[in-house]
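All of these numbers come straight from a predicted model, not from anything done at the bench.
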Amino acid sequence: MRKALRWLLALTVLIGTLGTAGAATAADAAGTDSTTDIKERLLSIPGMSLVEEKPYTGYRFFVLNYTQPVDHRKPSKGTFQQRITLLHKDVSRPTVFFTSGYNVSTTPRRSEPTQIVDGNQVSLEYRFFTPSRPAPADWSKLDIWQAASDQHRVFKALKGIYSKKWISTGGSKGGMTATYYERFYPRDMDGVVAYVAPNDVVNNEDSAYDRFFARVGTKECRDRLNAVQREALVRREPLEKKYAAYAEENGLTFTTIGSLDKAYEATVLDYVWGFWQYSLLSDCDQIPADAKNATDDAIWDSVDTISGFSAYADQGLTTYTPYYYQAGTQLGAPTIHFPHVEKRYIRYGYQPPRNFVPRDIPMKFQPSAMRDVDTWVRHNARHMLFVYGQNDPWGAEPFRVGKGAKDSYVFTAPGMNHGANVAGLVPEQKALATARILDWAGVAPGAVQADPQAAKPLATFDAKLDKRDVQREMTLRP
C-alpha cells in the first residue's frame with residue numbers, strides 16, 4: 001500500500017512536471033516566452049550586455065554588446081566591445097548568423113535564409129567598424145582570421161541557448177566574411193549562403209573585369225555610360241570648379257586621398273562600375289543619351305547620382321577605413337582599364353586602397369590570404385551556396401567549387417545586380433537552393449525531401465522585415 005502510494009505521488013509529480021514543461025515549450029513555440037526569461041539567458045553569458053530591446057511583432061529584437069579579445073591569439077592583451085543584434089523567434093528554431101562585413105544595422109531585418117528557414121537571426125558588426133573598435137586601435141589585429149574568430153566565439157557563446165542548426169550568411173563583403181569563417185572554423189556552421197562574394201585570388205590579375213565591362217548589358221547602354229564618363233573627364237576644369245564649390249558648401253576635405261583632383265577622378269572612374277553594381281539594364285534610359293551635347297549640370301548630376309561626389313572626401317572615407325585597410329592588406333582590390341577614354345584624360349587610374357587610408361596606419365599586402373581561401377573552397381566546401389548577379393561587376397571574379405566540394409553550388413541570377421538573391425534565380429535553381437538551405441537547417445518538410453522542386457520559404461514575406469533593396473554604397477566597395 002505504501003509503495004503504491006509513493007508510486008501514485010511520484011506519478012502525480014511527474015505528470016505535473018511534464019505539464020509545466022509542455023506549457024513552457026508551447027509558450028516558447030508561440031514566441032510568447034517572457035522578456036525576463038530570454039533576456040536573462042542572454043545576459044547570463046559572460047561578457048554579454050544589453051544595449052536596448054526593440055519590439056517587433058512575433059519576435060524579440062535585442063541590441064547587445066559582447067566582450068571580445070583584441071587578439072584571439074593573446075586574449076590577455078586587451079578587449080573591446082563588439083556590437084551584436086539578435087532577432088529572436090524561438091530556441092526550437094534554427095539560427096542564421098548574418099554579417100554585412102561592415103556596421104550592423106540596429107533596425108530589425110531578416111535575411112533571405114532567415115525567412116526561408118523561419119528562424120532566429122544573430123547579426124554581428126565587423127571588428128574595427130565603430131563602435132566595435134578597440135581603443136587604441138592596433139590595426140594589425142584587423143584580419144580575416146581575427147574576424148572569423150570573433151564569429152566563432154559568438155557562436156560558442158550562443159549555441160547553448162540556440163542549440164538547433166546554424167547557417168551563416170551575408171552579402172558582398174558579408175558573403176566574403178561568411179566564406180572566411182567557414183574556411184577557418186568549418187565545424188561551426190551547418191551551411192553557408194554567400195551572396196555576391198568577390199574572390200580576388202590574384203590581386204594584380206584583373207582582366208576578368210575588363211572582359212565583364214566589354215559585354216555587360218547592351219552595347220547601347222554601355223555606350224551611354226562610357227560617353228558620360230569620358231565627358232566628365234574631358235570637362236574636368238569646369239566640373240572641378242563646381243566640385244570645389246560643392247566641397248566648400250558641405251565642409252568636405254581631402255587630406256587622406258591627397259587632393260580634390262584625385263577625389264574627382266576617382267569618383268568619375270567609379271561611374272560605370274557603380275551603375276552596374278546598383279542599377280538594372282532598364283535604368284539605362286536615365287543616363288544622358290547624348291553626352292557630348294549635354295549640359296555640365298546634366299553630366300555632374302548623373303555622376304553624382306551614381307558615384308557620389310562626397311565619397312572620396314575625408315568625411316566619406318572615414319567610416320570605411322577598416323574596409324580599405326583590409327582591401328590593401330588581404331582582400332585585394334580591382335583595377336580596370338578604360339579603352340573608351342584617351343590616356344591624356346586619366347591622370348591616376350584606379351587608385352590603390354593605400355590612398356584611402358590615413359598614412360599613419362601602416363599597411364602591407366599579404367598575397368597568400370585569398371589564395372588560401374580560394375584553394376580551400378575549391379577542395380573542401382561542404383554545404384556552401386554562392387549566389388551571384390549576372391550584371392554585377394563584383395561577380396567577375398567569383399568563388400568556384402571543385403571536385404573535392406560536397407553538396408555545394410554556385411548559381412547566377414539572370415539580369416540581377418549586387419542585390420542578387422535566391423528568389424532571383426531561375427525556377428529550377430531557386431527551388432534547389434531553397435531545398436538545400438531548408439535541409440542544412442534541419443527543417444525541410446517531408447514534401448521537400450521527396451521533391452526539392454516543392455521548396456519555398458517557411459515564413460511569410462514581411463515587407464518591412466524582409467526589405468532587401470541593395471544599399472547603394474558610394475565608392476568602389478563590395
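Between the D439 side chain and the A444 main chain, no donor and acceptor come within less than 3.5 Å of each other. Side-chain atoms of N120 come within 3.5 Å of backbone atoms of K89 as a donor-acceptor pair (strictly under, hydrogens ignored). Using modelled atom types, one side-chain atom of Y243 and one backbone atom of F309 make a donor-acceptor pair closer than 3.5 Å. A donor-acceptor pair under 3.5 Å links the side-chain atoms of N203 to the main chain of A333, judged by distance alone. At least one donor-acceptor pair under 3.5 Å links the side chain of Y350 to the backbone N or O of L269. For R127 (side chain) and P322 (main-chain N/O), no donor-acceptor pair under 3.5 Å exists by modelled atom type. Remark: side-chain polar atoms of D270 are not paired, donor with acceptor, to backbone N or O of T267 under 3.5 angstrom. The backbone N or O of G349 sits less than 3.5 Å from a side-chain atom of E265, completing a donor-acceptor pair. With hydrogens and angles ignored, the 3.5 Å screen pairs no side-chain donor or acceptor of N250 with any backbone N or O of L252. Side-chain atoms of S132 do not come within 3.5 Å of backbone N or O of Q82 as any donor-acceptor pair.
For the atom pair CD of Q68 and CD of Q81, the computed distance is 9.0 Å after rounding to the nearest 0.5 Å. Atoms OG1 and CG, from T85 and L64 in turn, are 8.0 Å apart once rounded to the nearest 0.5 Å. Rounded to the nearest 0.5 Å, atoms CD1 (I84) and CG (N65) are 8.0 Å apart. Distance check: K54 NZ to T107 OG1 gives 5.0 Å after rounding to the nearest 0.5 Å. Between R436 atom CZ and I116 atom CD1 the span is 12.5 Å, to the nearest 0.5 Å. Expressed to the nearest 0.5 Å, how far CZ of F356 lies from OH of Y323 amounts to 9.5 Å.
For the residue pair P46 and Y66, the shortest heavy atom distance occurs at O-CE1, 3.4 Å. Between D314 and T256, the closest heavy-atom pair is OD1-N, 2.8 Å. Closest approach of L158 to M48, counting heavy atoms only: CD2-CE, 4.2 Å. In terms of heavy atoms, P414 sits closest to G424 at CD-O, 3.7 Å. Nearest heavy atoms, D466 versus T460: OD2-O, 4.0 Å. Looking at every heavy atom in both residues, M370 comes nearest to L331 through CG-O, 3.7 Å.
The closest side-chain heavy-atom distance from V117 to W440 is not below 4.5 Å. Within the 4.5 Å cutoff, side-chain heavy atoms of D360 are placed close to those of P358. At a threshold of 4.5 Å between non-hydrogen side-chain atoms, the residues T106 and V51 do not count as touching.
Under the ring pair (Phe, Tyr, Trp, His ring centres under 6.0 Å) criterion, Y271 pairs with no residue, sequence neighbours left out.
For K74 and D71, the salt-bridge test fails: no basic side-chain N is under 4.0 Å from an acidic carboxylate O. A salt bridge links E53 with K39; the closest basic N to acidic carboxylate O contact falls under 4.0 Å. Under 4.0 Å is where a charged nitrogen must lie from a carboxylate oxygen, and between R41 and D37 no such pair does.
The environment of H337 atom NE2 is sparse: at most 12 non-hydrogen atoms of other residues, nucleotides or ligands sit within 6.0 angstrom. Counting non-hydrogen atoms of neighbouring residues, nucleotides and ligands closer than 6.0 angstrom, the NZ atom of K159 exceeds 12 such neighbours. Under a cut-off of 6.0 angstrom, the local environment of CD in E52 is crowded, with over 12 non-hydrogen atoms contributed by other residues, nucleotides or ligands.
Between F213 and W276, the distance from one ring center to the other does not fall under 6.0 angstrom. Note: Y264 and Y312 fail the aromatic proximity criterion, with ring centroids not under 6.0 Å apart.
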Evaluation steps, side chain to side chain contact (heavy atoms under 4.5 Å, CB included), between V96 and R110
CA-CA 9 Å; V96 173; R110 192 166 61 180; over 6 Å; no
Derivation of the ring pair (Phe, Tyr, Trp, His ring centres under 6.0 Å) call for F386 and F399:
CA-CA 7 Å; F386 295 92; F399 280 97; 5.1 Å; yes
Is there a side chain to side chain contact (heavy atoms under 4.5 Å, CB included) between R93 and L458 once you walk through the steps?
CA-CA 11 Å; R93 301 300 302 168; L458 299 184; 3.7 Å; yes
Carefully, step by step, assess T319 and N103 under the rule side chain to side chain contact (heavy atoms under 4.5 Å, CB included).
CA-CA 9 Å; T319 299; N103 289 105; 3.9 Å; yes
Working note: F155 + Y181, criterion side chain to side chain contact (heavy atoms under 4.5 Å, CB included); need CA distance, chi angles, decisive distance, verdict.
CA-CA 11 Å; F155 166 70; Y181 176 33; 3.5 Å; yes
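Defined by atom type and a distance below 3.5 Å, a donor-acceptor pair is present between the side-chain atoms of T253 and Q315. In summary, the side chains of N199 and E397 do not present any donor paired with an acceptor at a separation below 3.5 Å, with no hydrogens or angles considered. D462 and Y59 share no side-chain donor-acceptor pair at under 3.5 Å. Side-chain contact check for D150 and H72: at least one donor-acceptor pair (N or O, by modelled atom type) lies under 3.5 Å.
Aromatic ring pairs are classed by plane angle as parallel below 30°, tilted from 30° to 60° and perpendicular above 60°; the pair Y102 and F129 is perpendicular.
Among D374, D372, D188, the single residue meeting the salt bridge (charged side-chain N to carboxylate O under 4.0 Å, His left out) criterion with R183 is D372. Checking Y278, Y209, F212, F338 one by one against W273, the ring-ring contact (aromatic ring centres under 6.0 Å, His included) holds for a single residue, Y209.
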Please set out all donor-acceptor pairs under 3.5 angstrom arising from side-chain atoms of residues 166-180, sequence neighbours excluded.
unit_1	atom_1	unit_2	atom_2	d
W166	NE1	Y162	O	2.8
T169	OG1	V193	O	2.7
S172	OG	H418	NE2	2.6
S172	OG	P478	O	3.2
K173	NZ	G101	O	2.7
K173	NZ	Q326	OE1	2.9
T177	OG1	K173	O	2.7
T179	OG1	G175	O	2.8

